[in-house]
Every structure is written in C-alpha cells, then in structure tokens.
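Here the structure is laid out as structure tokens; the discussion comes afterwards.
Throughout, a chain's letter reflects where its sequence line sits, starting with A, and its residues are numbered from 1.
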Amino acid sequence: MDLQLKIYNTNTGKKENFNPINTPFVGMYLCGPTVYGHPHLGHSRGPVVFDVIIRYLKHIGYKVRFVRNITDVGHLLNDADEGEDKIGRKAKLEQLEPMEIAQYYSDSYHEQINKLNVIKPSIEPRASGHIIEQIEMILKIINSGYGYVVNGSVYFDVIKYSENYNYGKLSGRILEDLIAGAGESRRELEGQEEKRNPNDFALWKRASEEHIMQWNSPWGLGFPGWHIECSAMSAKYLGKTFDIHGGGMDLLFPHHESEIAQSTVCHNTQPANYWIHHNMVTINGQKMAKSLNNGILLSELFTGNHHLLEKAYSPITLKFFILQAHYRSTLDFSNDALKAAEKGLKRLFNTLDLLNKLKATEKSDFDFNLLKNSIYDALNDDFNTPIAIAQLFEIANIINKINDGFTTISNTDLSEMKIFVNTIIYDILGLKNDNHDSSEYIEPLINIIIDLRNEAKLQKDYKKSDELRDKLLNAGFEIKDGKNETTYSIIKN
RNA sequence: GGUCCUGUGGCCGAGUGGCUAGGCACGGCUCUGCAAAAGCUGCUACAGCGGUUCGAAUCCGCUCGGGACCUCCA
C-alpha cells in the first residue's frame, strides 16, 4: 500500500507528493459561486469533488480549514454590452436591491448544495464583505509598481509582471501568444483604451452612474475587479501562502492566473502550493449552454421537472454519479448514465445492510487486506474515486457470496470490513442512503407483514402472499426472499 | 484562428507499453410456487490511417469527431 498521497498539481502539470506547509494543518480555498442564478448541474461538481478531498484529508489525519467564497460583486453578464455589474443588472430588471438578489441566489445555492451531503466550508466569505481588504491589496500592488490608475480604475500591468515572473505558467499560456492573439475576436468593451496593454486586467473599476453596486475607494466610486476578491480573502483567512487552491478548469485562465500574479507581487510569494482543477460536465455529449437549451438546474434534477429528464434523481445519486468519474475527466450526463448510477448505488447499500447480518467462520477465503489497500492506493493516487468505488463493488460481491454461503470470512476480517466499508462509504465518499426511513417504527411493522405473508406462503395461499407483496411494493417496500429469511428494502418511485 | 484537453464494448467510465477495472443494460443458468433480490455465467472494447517497439488502447505523426480557455467584462 502506498501511504503517500499524491495530488495532480495544475501548476506543475505533475502528480506530486502532498506535503502541507504546517502539518497537520491544511488550508484550502475553493472558488465558490457567483450568485446571480440558481445552481445547475455544473455547479455541483466542484463541491462534490472537493468534499471527498476534504473528507479524505481529514481521514488521513489532517486538520483542514476550508474556505469557499461567495462572489456577490463585480461580475458582468456575458451579454452585457456595457460595464454593468452582473448582479446590478439583474437588480434593475427585477426592481430589487442588489444584495437582495445576491441573498436570494446564495440561499438557493446553499439549499441545493447542502442536499449533496457535503461538508460546509469552515469560512464562507463574501466579496462584498471584504472591500477594504481588496482595496488594501490593490494599494500594495500599486506601491510595488505593478498597478496603475487611469480615470478612477486600476489595472494590473501584466507586461511588467512578466518581465520578472512567469505569467501564463499555471494555464500553460505564453504571453507572446496572448499578445499576438489579442487583436482578434476582441469584444469591444469600455475601458479597453485605458489600459497600457490589452493583456492587463482590472483590479478596480470605476462605477458609471447607473451602477448600483459601488463602493468608495481611493480612486473614487467603483467596484473591485474580478480576480482580486479571491486573492484578498484567501490571504486573509489562510495566509499569504496556503496549501490547496481549487476550482473548475474554466477558471484556470484568466482568473487563477491573475490571482497568482496579484498575490505574488503583493506578498512576494505565490499563493498556493497545490492547484487542483476539476473538469467540466456535458449533457448527452454536449456542453451545457443556453443556446442549446440543455441547462439543467439542480432543483430540476432532483424533481425530474425538465424536458431532458425521464425521472427525478436524488442528490446522493448525483453525488455517486460524479464520483464514479475521475475529477479531471469530463463527465457526461444522460438518463441512462444517471439510472445506472442509481441502481449501482442501491445495490451497494443493499449489501451494506447484509454486511451487518453476516456470520463469520474460521477463516476468510479471500484477501481482505488486498482489497482494502487497493482502495487506499486509489484514493492516494490523486483521489481516484472511480477505482475506489469499483473496489467497493468487489467487496459487495464478496459480501453477497458470504451471505449465500459460497465464501467465508473470518471474525477479524468481518469486524474490520464493517468498519472499513462504512468509513469509505459514509465518511470519505460522503454518501448516505436517502431511501432509508429513519423511523424506528417502520421495521417491526414491515416484519409483521412479512411474517403474515410467509404464513400464507406456507399454507400455499399464493394469492394472498402475492397480494401482500404487491401492496408493500406499491407502498415503497421491496420484498426480497432470501434462502433463509425474507428481508426488504425501501425504494422510492 | 491560437493554446490546451479529449475520443474506450449497447450506455457511463477506470486504465498510459505486456498481466486486458467497475457500474448499468442485454442473454443463459442456479435459487424460488411465481416474481424480485442474490449468485454463477456469456457478450471482450479501445475513432481512422500510418509509424516506433519483440509487444500499444497506452508512445509518435496525420486525419476526423467532442470539449475548455482566448486577457479589458464575466
């Protein structure tokens, strides 16, 4: 078993041994949502992927401070043709306070994401609550000579930065290429002419009159540039250099690249040692896009209320589905794929129930440690959850065989297996059986009915026994006749 | 157009030089009054073309398809 955790670091393009700055403490920052709409499928992957990362880090003994921000300032709508704040724009359309909108959508985000049984952030800072920190940082950048002020806006001097540092390292870009390509397909937006170089990015933007979200600053009324909030908040809560910075691959450039540049000149050190980026999701092989009319909100997935969905899928099914793919691969959603995950997960939980009823014998005729180690190996190898889950199914297989008397397990292995399997499924993968009714009254009741049915069966009154079985099924209880006993599982329609 | 990623069996998805995951679906069998559940079992893939190699899904090149990003805004 390889005890060393390896993480693929986007910044170096290699898998590296994970060594925190200050063991056993780990500081981790994840770019959170911009709250201007309800969360969709794409929003779920980051929280799920990083949830397992956090849970695993904790499992192997680290103490994790997990910071995930909420961006509630500064973002523009894609189709905005002027420098209008994304949240501000919505606010004007709906005649609401901008913060009301931000609150509404961050509540929506929390409501849906929390269904995924993910560990909540230790700190969840809002960009709007850290304007002072952002201004302070911008002042430092100006003082260090890498920022300049034009007409109440402040820009970061990328050309100057690249003379001393490597702008583009994280995203694998070469500044010369960026400059060369800068002339083409450029959208005409205000402020462009203010910059010394097209590659420069805004640290602070002057607010035009119709801007609703604006703050006072040394440069007049305005709002912070997109990248600065993550730099300011991560430094505030995790330090100038921390262990892990995560996000989606779409944020690699320019967001994370610019974060590195800002933090580097501000703090004389680069912000994060390990950069982890998860891949994007597709739907039926296509990207999610408004124009394709294939965007699915999390609420729609959970209720099944969407033209592309044949049925509803539970949050835990979604989580399991996401974890069946490696986080650095694209993940394709379809009804077939979701249904496959749902059934697989159900089987896994069924065998988990069986595990508690298993009887041990003298010895095991399989190598439990081999299976156990293969799961740790998988997780240590850049959090390879698909392999871990595959091995879990191997164990499920063995559990079923033991139950049917085709395989044996020793007492030691059995008690170890119980602990281990529960740890992996509940503590590390963060799954839960959302088909389980927590009510303690249900079980004895169902067992009474099962007894009645078995009596009917003994008397060969199959009409009655089948009727009981069908009625239970309709009520959401699936009867399973085993070799020695009859069990049931709760299903949802 | 530029940079990068990617193409695996009916579907989803691991695997990066030889040992050919896993889930779901489908077929057969066992168990069973029947069904379900469970077990056993069958289906054996690596976009195409060329190259490197004793040997490639895995490395290289080209072609075709999919995707991400392309700076001021988000």
Which protein N or O atoms sit under 3.5 Å from an N or O of nucleotides 24-26 of chain B?
residue, atom, partner, partner atom, Å
B:C24, OP1, A:R347, NH1, 3.2
B:C24, OP2, A:R347, NH1, 3.1
B:A25, OP1, A:K343, NZ, 2.4

Between the protein and nucleotides 16-20 of chain B, list the N/O to N/O atom pairs that are separated by less than 3.5 angstrom.
none

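In terms of the salt bridge (charged side-chain N to carboxylate O under 4.0 Å, His left out) criterion, A:D200 has no residue partners (sequence neighbours excluded). Residues satisfying the ring-ring contact (aromatic ring centres under 6.0 Å, His included) criterion with A:Y165, sequence neighbours excluded, are A:Y161. Residues meeting the ring-ring contact (aromatic ring centres under 6.0 Å, His included) test with A:H278, sequence neighbours left out: none. Every residue meeting the ring-ring contact (aromatic ring centres under 6.0 Å, His included) condition with A:Y104, not counting sequence neighbours, appears here in chain and number order: A:H38. With sequence neighbours excluded, the residues forming a side chain to side chain contact (heavy atoms under 4.5 Å, CB included) with A:T487 are A:K357, A:K480, A:E485, listed by chain and number. Residues passing the side chain to side chain contact (heavy atoms under 4.5 Å, CB included) test with A:D461, sequence neighbours excluded: A:A456, A:K463, A:K464. Checked against salt bridge (charged side-chain N to carboxylate O under 4.0 Å, His left out), A:E310 has the following partners two or more places apart in sequence or in another chain: A:K339. The ring-ring contact (aromatic ring centres under 6.0 Å, His included) check on A:H130 picks up A:Y237, with sequence neighbours excluded.
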Identify each donor-acceptor pair in which a side-chain atom of residues 325-334 of chain A lies under 3.5 Å from a protein atom, sequence neighbours left out, and give them as a table.
residue, atom, partner, partner atom, Å
A:H326, NE2, A:D382, OD2, 3.4
A:Y327, OH, A:D382, OD1, 2.6
A:Y327, OH, A:D382, OD2, 3.2
A:R328, NE, A:D382, OD2, 2.9
A:R328, NH2, A:D382, OD2, 2.8
A:D332, OD1, A:T282, OG1, 2.7
A:D332, OD1, A:N284, N, 3.2
A:D332, OD1, A:G285, N, 2.5
A:D332, OD2, A:G285, N, 3.2
A:S334, OG, A:A337, N, 3.1

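For the pair A:S329 and B:A14, the criterion of a side-chain N or O lying under 4.0 Å from OP1 or OP2 is met. Put simply, A:N403 has no side-chain N or O that comes within less than 4.0 Å of OP1 or OP2 on B:A38.
Residue A:R469 places a side-chain atom within donor-acceptor reach of the base of B:A35, judged by atom type and a 3.5 Å distance cut-off alone. With hydrogens and angles left out, the side chain of A:D481 and the base of B:A35 share a donor-acceptor pair within 3.5 Å.
Using a 4.0 Å cut-off between charged side-chain N and carboxylate O, A:E342 and A:K346 make no salt bridge.
Consecutive pairing runs in RNA chain B reach the stem threshold at B:1-7 with B:64-70, B:10-12 with B:22-24, B:26-30 with B:38-42, B:47-51 with B:59-63, where a stem means at least three Watson-Crick or G-U wobble pairs with distances under 3.5 Å.
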